[in-house]
Number of protein chains: 2
Amino acid sequence: MRTSFYISDGTAITAEVFGHALLSLFTVEFDHITLPFVETEEQAHEVNRKIYESFQETGERPLVFYTIVNSDVRKIIAQSVGINYNFLDQFVAPLEKVLGVPSKPEKHRTHSIHETTYDIRIEAVNFALANDDGSNLKNYHEADIILVGVSRSGKTPTSLYLALQYGIKAANYPFTEEDMGDVLKLPPMLRRFKDKLFGLTINAERLHQIRSERRANSRYASMQQCRMELREVENLYRKEKIPFLNSTKFSIEEMSAKILSQTGLQRRKY
Amino acid sequence: MRTSFYISDGTAITAEVFGHALLSLFTVEFDHITLPFVETEEQAHEVNRKIYESFQETGERPLVFYTIVNSDVRKIIAQSVGINYNFLDQFVAPLEKVLGVPSKPEKHRTHSIHETTYDIRIEAVNFALANDDGSNLKNYHEADIILVGVSRSGKTPTSLYLALQYGIKAANYPFTEEDMGDVLKLPPMLRRFKDKLFGLTINAERLHQIRSERRANSRYASMQQCRMELREVENLYRKEKIPFLNSTKFSIEEMSAKILSQTGLQRRKY
């Protein structure tokens with residue numbers, strides 16, 4: 001199997017995202033090796049040895065995706081035996097022309113603590129954790145958005161992703177048996193924040209499956225219970241005109257991007 | 001201010017990561033606009049109108065970073081008035097040659113629920129949440145890694161990032177006043193999992209600042225207490241030969257990448 005290397009003097013996240021996106025266009029399988037924080041010439045030579053070894057073992061030149069700020073290190077990796085993609089580089093000169101200014105690659109400014117909005121993201125993660133599963137209703141005035149839905153419909157991972165990726169403060173509130181009664185009504189304390197509510201729903205089969213992994217053969221996980229709860233929340237969303245999404249076929253990345261574009265919510269991190 | 005658009009018929013995360021990395025090489029400021037899920041020709045024309053409006057308003061052609069699987073939609077965006085970067089595209093033909101197979105762009109396979117390891121990542125997130133702050137010691141045998149450290153040294157956000165990004169099951173355990181006693185000793189139940197332990201530390205000034213935001217003027221936040229706790233944990237790490245990192249100057253992305261490369265931990269998602 002051919003190897004694909006992702007190399008950087010930073011986290012190598014950019015190299016991974018680019019390389020994965022490109023390789024996902026092919027049905028070929030790869031061995032993936034990420035080598036972050038290659039910061040010295042010695043480390044760079046060591047990386048080139050690894051690339052060479054992979055070539056020897058597989059008989060195929062590895063693909064090498066890299067972004068390296070340190071020019072001495074970069075020059076060494078550029079000489080590896082792999083097929084080298086310094087994929088940002090070829091865009092730099094044309095962009096300098098467009099912008100009319102030279103580039104100034106000094107340090108990694110993405111995925112590092114030098115991001116101007118780094119503290120905002122961490123604060124948002126802490127907010128999501130402190131306001132998970134209706135645990136801290138008194139902070140809802142601080143929330144940018146409040147995700148609502150039945151237990152295990154995807155609220156918590158989505159709120160964490162909104163925080164990590166976009167710096168958005170997302171609380172979440174699970175509708176419980178107590179809220180259900182005969183007909184699910186909007187709890188009065190949520191009504192105060194109605195403009196911030198965003199509903200999640202999910203197909204009953206999928207919910208049954210997820211809940212069964214948690215508590216097999218429980219009433220909580222039964223198809224009947226799942227169907228009933230989902231019918232109630234969806235009726236509530238429609239009646240109260242709460243925007244909502246079905247999470248069954250979407251990743252948390254997709255859910256988060258859809259929530260942003262549907263609500264027009266202002267993200268704090270670009 | 002010039003505008004930079006990030007456009008996709010998926011989440012647009014790849015377009016954002018690429019565009020942000022490229023623009024971070026310049027000291028120019030941009031307005032950023034992300035338009036995900038542009039899935040129809042009608043939506044594409046609407047996008048082109050927005051790009052045109054931005055050009056009219058700013059007098060400068062916007063930058064347009066896009067990855068679009070649907071070829072009808074892609075062709076329309078390619079005609080926008082912006083400076084269009086279909087940044088994956090120019091790598092496809094050369095890579096087809098290298099691999100000897102044609103590309104098959106059918107749907108977005110990154111950042112979507114079609115990722116083969118998607119469920120593993122979500123399971124890891126749920127594991128991190130269920131095993132946060134020493135809340136569930138009985139699951140430690142399932143953990144890939146157990147982050148240890150004093151309160152507010154970065155364990156929780158790092159364990160969440162390890163889960164989300166890499167599908168790694170990270171538990172975390174906070175050393176508390178009770179563990180400290182006269183000298184901090186490794187709690188017996190942690191000793192059983194010693195090979196999984198990874199220590200975090202942080203500079204006392206930074207810890208004092210973070211804790212003060214939480215509980216101003218408390219003993220918990222005092223410089224004296226912060227210094228004492230950090231001295232104890234660092235002594236313990238050295239004595240017990242627990243690998244550790246200082247989180248003061250690193251983002252959670254950097255911490256996670258460093259932990260992976262330092263421990264050789266096998267990630268579940270590439």
Side-chain angles (χ1 to χ4, degrees), chain A residues 2 10-14 16-18 20-22 24-28 32 34-37 61 63 67 83 85 87-88 91-92 95-96 98-99 101 103-105 108-113 115 118 122 125-126 129 132 156-157 160-161 164-165 249-254 256-258 260-261 270, chain B residues 2 10-14 16-18 20-22 24-28 32 34-37 61 63 67 83 85 87-88 91-92 95-96 98-99 101 103-105 108-113 115 118 122 125-126 129 132 156-157 160-161 164-165 249-254 256-258 260-261 270:
Chain A
R2 196 188 287 264
T11 60
I13 292 173
T14 301
E16 288 190 352
V17 170
F18 180 86
H20 293 177
L22 184 60
S24 80
L25 302 176
F26 293 84
T27 49
V28 180
H32 303 275
T34 299
L35 301 171
F37 306 108
R61 288 172 69 198
L63 307 180
T67 58
I83 297 161
Y85 297 98
F87 57 88
L88 283 179
F91 294 91
V92 173
L95 188 52
E96 285 179 334
V98 166
L99 299 176
V101 294
S103 63
K104 281 195 181 171
H108 287 277
R109 271 175 281 213
T110 56
H111 307 123
S112 86
I113 208 159
E115 279 183 359
Y118 181 71
I122 296 304
V125 170
N126 289 329
L129 290 169
D132 184 37
T156 300
L160 286 170
Y161 194 81
L164 262 176
Q165 182 76 3
K249 290 185 182 161
F250 298 120
S251 69
I252 52 175
E253 286 86 347
E254 290 172 311
S256 300
K258 278 176 191 284
L260 280 192
S261 86
Y270 283 98
Chain B
R2 197 188 287 263
T11 61
I13 292 173
T14 301
E16 288 190 352
V17 170
F18 180 86
H20 293 177
L22 184 61
S24 79
L25 303 175
F26 294 84
T27 49
V28 180
H32 303 275
T34 299
L35 301 172
F37 306 109
R61 288 172 68 199
L63 308 180
T67 58
I83 296 162
Y85 296 97
F87 57 88
L88 282 179
F91 294 91
V92 172
L95 188 53
E96 284 179 334
V98 167
L99 299 176
V101 293
S103 64
K104 281 196 182 171
H108 288 276
R109 271 174 281 212
T110 55
H111 307 121
S112 87
I113 208 158
E115 280 183 356
Y118 181 72
I122 296 303
V125 170
N126 289 330
L129 290 169
D132 185 36
T156 300
L160 286 170
Y161 193 80
L164 262 175
Q165 183 75 5
K249 291 185 180 161
F250 298 120
S251 68
I252 52 174
E253 285 86 347
E254 290 171 313
S256 301
K258 278 175 192 286
L260 280 192
S261 87
Y270 284 97

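What you see is a predicted model; the values in this text were computed from it and never measured. Letters A, B, ... mirror the listed sequences (proteins, then strands); counts begin at 1.
- Rounding to the nearest 0.5 angstrom, the gap separating the CD1 atom in B/Ile83 from the CG atom in A/Leu99 is 7.5 Å.
- Looking at A/Arg2, the atoms closer than 4.5 Å to chain B (heavy atoms on both sides) all sit in the side chain, from C-beta outward.
- Proximity to chain B involves both the backbone and the side chain of A/Ser112, based on heavy atoms less than 4.5 angstrom apart.
- Using a 4.5 Å cut-off between heavy atoms, A/Ile122 contacts chain B through its side chain alone, with no backbone atom that close.
- Heavy atoms of A/Leu88 lying under 4.5 Å from chain B belong to its backbone as well as its side chain.
- Although no hydrogens or angles enter the test, the distance criterion places a donor-acceptor pair under 3.5 Å between the side chain of B/Ser251 and the main chain of A/His111.
- Contact annotation for A/Glu96: both backbone and side-chain heavy atoms come within less than 4.5 Å of a heavy atom of chain B.
- Rounding to the nearest 0.5 Å places CD of B/Gln165 at 12.5 Å from CG of B/Leu160.
- A cation-pi arrangement is absent between A/Lys104 and B/Phe26 under the rule of less than 6.0 angstrom and at most 45 degrees off the ring axis.
- Using a 4.5 Å cut-off between heavy atoms, A/Ser261 touches chain B through its side chain atoms alone.
- Ring geometry, A/His32 versus A/His20: the interplanar angle exceeds 60°, so the pair is classed perpendicular (tilted spans 30 to 60°).
- Both the backbone and the side chain of B/Thr14 come within contact range of chain A, with heavy atoms under 4.5 Å apart.
- For A/Val125, the part sitting under 4.5 Å from any heavy atom of chain B is the side chain, from C-beta outward, and nothing else.
- Between the B/Ser256 side chain and the B/Tyr161 main chain, no donor and acceptor come within less than 3.5 Å of each other.
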Fill in: Derivation of the side chain to side chain contact (heavy atoms under 4.5 Å, CB included) call for A/Ile113 and B/Phe250
CA-CA 5 Å; A/Ile113 208 159; B/Phe250 298 120; 5.6 Å; no
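- Only the side chain of A/Glu16 has a heavy atom closer than 4.5 Å to any heavy atom of chain B.
- Contacts of A/Thr67 with chain B are absent, with no heavy-atom separation under 4.5 Å from either backbone or side chain.
- Among A/Asp132, A/Leu35, A/Val92, A/Val28, the residue making the largest number of heavy-atom pairs under 4.5 Å with chain B is A/Val92.
- Of the two parts of A/Leu129, only the side chain, counted from C-beta on, holds a non-hydrogen atom closer than 4.5 Å to a non-hydrogen atom of chain B.
- With respect to chain A, the highest number of heavy-atom pairs below 4.5 Å among B/Thr156, B/Leu25, B/Ile13 belongs to B/Leu25.
- Contacts between B/Leu63 and chain A at a heavy-atom distance below 4.5 Å involve the side chain alone, from C-beta outward.
- With values rounded to the nearest 0.5 angstrom, A/Tyr85 atom OH is found 9.0 Å from A/Phe18 atom CZ.
- Interface remark: A/Lys249 contributes backbone atoms only to the contact with chain B (heavy atom separation under 4.5 Å).
- The candidate from A/Leu260, A/Val17, A/Thr34 with the greatest count of non-hydrogen atom pairs under 4.5 Å with chain B is A/Val17.
- Using a 4.5 Å cut-off between heavy atoms, A/Ile252 touches chain B through backbone and side chain atoms alike.
- Between chain A and the residues B/Pro36, B/Ser24, B/Ala12, the largest count of heavy-atom pairs under 4.5 Å involves B/Ser24.
- With values rounded to the nearest 0.5 angstrom, B/Leu22 atom CG is found 10.0 Å from A/Phe87 atom CZ.
- The greatest number of non-hydrogen atom pairs below 4.5 Å with chain A, out of B/Val101, B/Asn126, B/Leu95, is found for B/Leu95.
- Only the side chain of A/Phe37 has a heavy atom closer than 4.5 Å to any heavy atom of chain B.
- Contacts of A/Val98 with chain B are made by both backbone and side-chain atoms, with heavy-atom separations under 4.5 Å.
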